[in-house]
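Reading through the structure tokens given below for one structure.
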Protein chains: 2
Amino acid sequence: MHIPEQLFAALGHEVRLRCLLLLQREGELCVCELTHGLDLAQPTISRHLAHLREAGWVEDHRQGLWVYYRVSSRLPAWVREVLATTAAGIVNSAPFAGDLLRLGAMPNRPGARGCA
Amino acid sequence: MHIPEQLFAALGHEVRLRCLLLLQREGELCVCELTHGLDLAQPTISRHLAHLREAGWVEDHRQGLWVYYRVSSRLPAWVREVLATTAAGIVNSAPFAGDLLRLGAMPNRPGARGCA
DNA sequence: CCGGAATATGTGGCAAATGATATATACTGC
DNA sequence: GCAGTATATATCATTTGCCACATATTCCGG
């Protein structure tokens, strides 16, 4: 859909904004990484990811047991620019900076490194 | 306040986004100009302007009978950039383009031209 | 002080978002 | 097919947001 006010409505919730910031920075993350990074219950993360998915801001693809999310590849240029500007503007403040630290310190991350 | 998710939540409503876009383009507008541009009831506009004011997006000042609103001068640089990017991205699509046209065609506009 | 114009706020009802918890689904390895 | 892990969805209670309408407030001119 990509309706402008729906973009901001989606960003207008702390959990979704934190998720999108991590995805914008890391490129692609599975649900358990987001759950660990934000330190929230898994259903909470899944619900907000579903919200972002239905609004068209993220895409998901399953890979075995894990479902990976990333910022949608079909966004208008101005939307990508808004996301990038926002990420740069808030990445060093709470709670976003802490999310990145927690994610970086997460043990047994799945993915390319084959730790799981 | 300028808490990121509160800023975005304020934009997450069509009426408020349309108001903010007109303000971003025109610099300063009174309530009756916004009411005419969006073609909505005055209490609707006032209510959403109050929402934007409380979120920190706009400032108002009274000048006689009219109350003028403008984009707040104390927004962080990245927020102003998000707003400018958004405005440029959506200004040519509905309903935003129509709002600008209606505002431009409004008769008896108050302000510097002293028409009222 | 009074009437009228511009703007703001109060109220009631209702739809939608949220949070916490429980449960269902999808996949892997055996 | 079974057990276990990862993820998604259902449910319920609560809160929040919104709309339409009525009314209040602020200000100006006379």
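Below, read A as the first sequence line, B as the second, and so on, with proteins coming before strands; counting in each chain starts at 1. Quick caveat, the model's predicted, so the values are computed rather than measured.
To the nearest 0.5 Å, the span separating CD on A:Glu28 from CH2 on A:Trp66 amounts to 14.0 Å.
Between A:His61 atom NE2 and C:dC27 atom C1' there is a gap of 16 Å when expressed in whole angstrom units. We find that CZ of A:Arg62 is positioned 16 Å from P of D:dT5, with the value rounded to whole Å. Taking atom CG on B:Leu11 and atom C1' on D:dG17, their separation rounds to 16 Å, with Å as the unit. Rounded to a whole Å, the CD atom of B:Glu5 is 12 Å from the P atom of C:dT18. In this structure, the CG atom of B:Leu49 is 11 Å from the C1' atom of C:dA8, given to the nearest Å. Atom CD in A:Glu14 sits about 12 Å away from atom P in C:dT18, given to the nearest Å. Computed from coordinates, the B:Trp66 CH2 to C:dA8 P distance equals 14 Å when rounded to whole Å. One atom, CD1 of B:Ile45, and another, C1' of C:dT9, lie 16 Å apart when rounded to the nearest Å.
Regarding contacts with the backbone of C:dA17, every side-chain N or O of A:Arg16 stays at 4.0 angstrom or more from both OP1 and OP2. Of the side-chain N and O atoms in B:His48, one or more sit less than 4.0 angstrom from OP1 or OP2 of D:dC19. In terms of phosphate contacts, A:His51 brings a side-chain nitrogen or oxygen within less than 4.0 Å of OP1 or OP2 of C:dT18.
Side-chain atoms of A:Gln42 come within donor-acceptor range of the base of D:dA8, with a qualifying N/O pair under 3.5 Å.
Ring geometry, A:Phe8 versus B:Phe8: the interplanar angle falls under 30°, so the pair is classed parallel (tilted spans 30 to 60°). Between B:Tyr68 and B:His61, the two ring planes are parallel [angle under 30°; tilted spans 30° to 60°].
For B:Arg47, counting side-chain heavy atoms from C-beta on, the closest listed nucleotide (D:dT11, C:dT9, C:dC27) is C:dT9. When the nucleotides D:dA8, C:dA8, C:dT28 are ranked by their closest atom to the side chain of B:Pro43, C:dA8 comes out on top. Minimum atom distance to the side chain of B:Tyr69 is reached by C:dA8, of the listed D:dT7, C:dT28, C:dA8. Listed nucleotides D:dC18, C:dA6, C:dA8 differ in distance to B:His13; the shortest reach to its side chain belongs to D:dC18. The nucleotide whose nearest atom lies closest to any side-chain atom of B:Leu65 is, among C:dA8, D:dA8, D:dC28, D:dC28.
Separation of the A:Trp57 and A:His2 ring centroids falls under the 6.0 Å cut-off.
One finds a salt bridge joining B:Glu26 and B:Arg109 here, because a Lys/Arg side-chain nitrogen approaches an Asp/Glu carboxylate oxygen to under 4.0 Å.
Map A:Gln63 and A:Ala9 each onto its nearest nucleotide of DNA chain C; the residue landing nearer the 5' end is A:Ala9.
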